[in-house]
Trainee: 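Take this structure, written in structure tokens, and hold onto it; I'll ask about it next.
These figures come from a predicted structure and were not determined experimentally. Numbered from 1 within each chain, the chains take letters A, B, ... in sequence-line order.
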Protein chains: 2
Amino acid sequence: MSRRGRGTPAGLSRERIATAAVALVDRDGLETFGVRRLAAELGVDPMSIYNHIPGKAALLDAISEAVLTEASAQVDPWPQDWRDVARALARTYREMATRHPRVFPLLTTRAQTSATALEAVEQLTALMRRANLPDQVTADAPLVLFGFLNGYLLATLGTSARDSQGESAGSTQLELDPLAYPTLAALGPLQTGFGGDEEFERMLDTILTGIASRAPRPS
Amino acid sequence: MSRRGRGTPAGLSRERIATAAVALVDRDGLETFGVRRLAAELGVDPMSIYNHIPGKAALLDAISEAVLTEASAQVDPWPQDWRDVARALARTYREMATRHPRVFPLLTTRAQTSATALEAVEQLTALMRRANLPDQVTADAPLVLFGFLNGYLLATLGTSARDSQGESAGSTQLELDPLAYPTLAALGPLQTGFGGDEEFERMLDTILTGIASRAPRPS
DNA sequence: GATAAAAGATCTACACCGTAGGATAGGCCG
DNA sequence: CGGCCTATCCTACGGTGTAGATCTTTTATC
């Protein structure tokens with residue numbers, strides 16, 4: 001069936017596999033993703049993949065590694081204020097998540113210890129220290145920030161991926177019984193653009209304010 | 001093989017299935033979970049489950065619904081200050097996540113619109129409004145809070161579930177090169193008890209401070 | 001260049017999965 | 001009693017991840 005004979009190098013490599021895998025998940029989603037489908041996409045026997053990646057779990061690792069390095073390669077140059085660094089990191093991270101909404105859930109389960117990720121956190125904490133924030137606050141900051149980012153993006157991307165139809169900030173408003181939940185019903189009009197830019201910036205401000213406000217006043 | 005004849009009611013019900021499913025995921029994890037294993041656990045034919053639950057996706061929905069209602073049934077009575085409500089909610093949520101660490105990832109992907117969950121958020125926002133917080137802050141608060149909770153708990157439960165060996169706040173410290181990451185290395189000693197109680201309370205304080213500080217000073 | 005060894009691609013096969021379709025039995029109402 | 005309805009089970013189909021053997025090409029060694 002194949003045009004190539006046996007043993008003929010198909011030009012496979014860990015990188016090429018990872019790239020194709022990311023594209024496949026972007027297109028068809030994680031549920032249907034699998035070794036065999038990926039192999040079909042690459043025009044290759046399923047088992048050939050195992051010559052470069054030891055199993056499906058490692059394949060998922062390779063996917064998340066690929067999208068993460070793609071993201072962290074574009075925070076440059078570094079700002080001078082720690083808030084700006086945090087904001088730049090958050091926005092870049094969000095852009096990556098928006099580009100690959102169906103890959104993103106993978107990232108939230110895997111601990112990220114790549115060199116680029118560590119360097120980003122290093123930059124942030126270094127600036128925080130220089131700004132005389134308490135060390136405990138500085139040490140906690142990355143966990144607060146990325147904890148929030150993972151949870152919030154998971155929520156917004158999960159729903160907006162299903163109904164990305166109306167462009168005008170539609171996103172089906174949940175119908176609430178005003179008798180049972182008067183406050184939520186009253187607040188409803190304020191939830192414009194679930195997962196939108198302005199909402200994200202407000203949330204981010206809230207987080208950064210929280211981090212900054214745990215510090216004593218700078219003289 | 002089965003002791004029962006055909007058609008004999010096995011006492012199956014949506015609730016009994018959900019309970020057994022939660023127990024099974026708690027014990028063996030999500031990866032190996034499936035209809036057939038659950039049926040075996042219940043001493044029942046796999047297809048019998050389909051008489052009560054329409055498919056595997058619905059089965060996962062039932063699981064997350066079960067653990068969530070288990071959690072939200074224990075916030076009572078409600079405190080008077082919105083911070084106390086938020087803290088109570090967060091702690092209860094975390095306890096649920098700790099009880100079912102391998103189920104928890106399911107919750108972070110599914111939008112929660114159960115009555116008990118909505119009521120909890122209603123209570124929180126009602127108190128915030130009465131405390132004269134700006135409506136926009138109040139409307140954003142649940143998303144910030146639960147966004148953070150989902151992300152943070154996902155991170156801590158994911159790793160602590162693997163090495164829950166040493167009881168004394170061990171949790172394998174990541175070895176960092178002090179030359180490449182001087183700040184992170186210096187901050188290392190402050191990261192005591194990853195996922196521990198004190199850490200969680202600090203993070204929670206940070207979030208609540210952020211929310212509160214976006215409000216104008218109360219007179 | 002000849003030859004051996006290593007590496008990569010493929011084929012086959014196995015155990016497992018979710019579930020559609022049908023056969024069978026018990027409970028319930030006439 | 002007869003007929004329906006529902007819950008259980010059985011069988012079967014197409015899909016999955018991957019272990020093991022086989023074949024071919026590339027690379028290393030003399």
Trainee: Examine D:dC9: is either OP1 or OP2 under 4.0 Å from a nitrogen or oxygen in the side chain of B:Ser48? Give yes or no.
Mentor: yes
Trainee: If I take atom CD1 in residue B:Ile49 and atom C1' in nucleotide D:dC9, what distance separates them, rounded to the nearest angstrom?
Mentor: 13 Å
Trainee: Taking only the side-chain heavy atoms of A:Pro46 (C-beta and beyond), determine which of D:dT18, D:dT8, C:dG8 contains the nearest atom.
Mentor: D:dT18
Trainee: Under a 4.0 Å N-O cut-off, is there an ion pair linking B:Arg87 with B:Asp205?
Mentor: yes
Trainee: Quickly work out the B:Asn51 CG to D:dC9 C1' distance and round it to whole Å.
Mentor: 10 Å
Trainee: Flag the pair A:Arg36 and A:Asp45 as a salt bridge only when some basic side-chain nitrogen lies within less than 4.0 angstrom of an acidic carboxylate oxygen.
Mentor: no
Trainee: Does the ring center of A:Phe146 lie less than 6.0 Å from the ring center of A:Tyr93?
Mentor: yes
Trainee: Round to a whole Å and report the spacing from CZ of B:Arg16 to P of D:dA7.
Mentor: 14 Å
Trainee: Round to a whole Å and report the spacing from OH of A:Tyr50 to P of C:dA9.
Mentor: 15 Å
Trainee: Under 3.5 Å, is there a donor-acceptor pair linking the side chains of B:Gln123 and A:Tyr181?
Mentor: no
Trainee: In terms of side-chain heavy atoms of A:Met47, which of D:dT18, C:dG8, D:dA7 is nearest?
Mentor: D:dT18
Trainee: For B:Asp45 and C:dT19, what is the distance between atoms CG and P respectively, to the nearest whole Å?
Mentor: 14 Å
Trainee: Please figure out whether A:Arg37 or B:Ser13 has its closest DNA chain D nucleotide nearer the 5' end.
Mentor: B:Ser13
Trainee: Calculate the interatomic distance between B:His52 atom NE2 and D:dC5 atom C1'; express it in whole Å.
Mentor: 14 Å
Trainee: Distance check needed: C:dC16 P versus B:Leu38 CG, whole Å only.
Mentor: 17 Å
Trainee: Any carboxylate oxygen within less than 4.0 angstrom of a Lys/Arg side-chain nitrogen, looking at B:Arg99 and B:Asp26?
Mentor: no
Trainee: Taking the basic N atoms (NZ, or NE/NH1/NH2) and the acidic carboxylate oxygens, is any pair closer than 4.0 Å for A:Glu201 and A:Arg91?
Mentor: yes
Trainee: Can you list, in residue-number order, the parts of residues 24-36 of chain A that come under 4.0 Å of DNA chain C, counting heavy atoms only?
Mentor: A:Arg36
Trainee: Is it true that A:Glu65 and A:Arg14 make a salt bridge, defined as a side-chain N closer than 4.0 Å to a carboxylate O?
Mentor: yes
Trainee: How long is the line joining CG of B:Leu59 and P of C:dG18, in whole Å?
Mentor: 9 Å
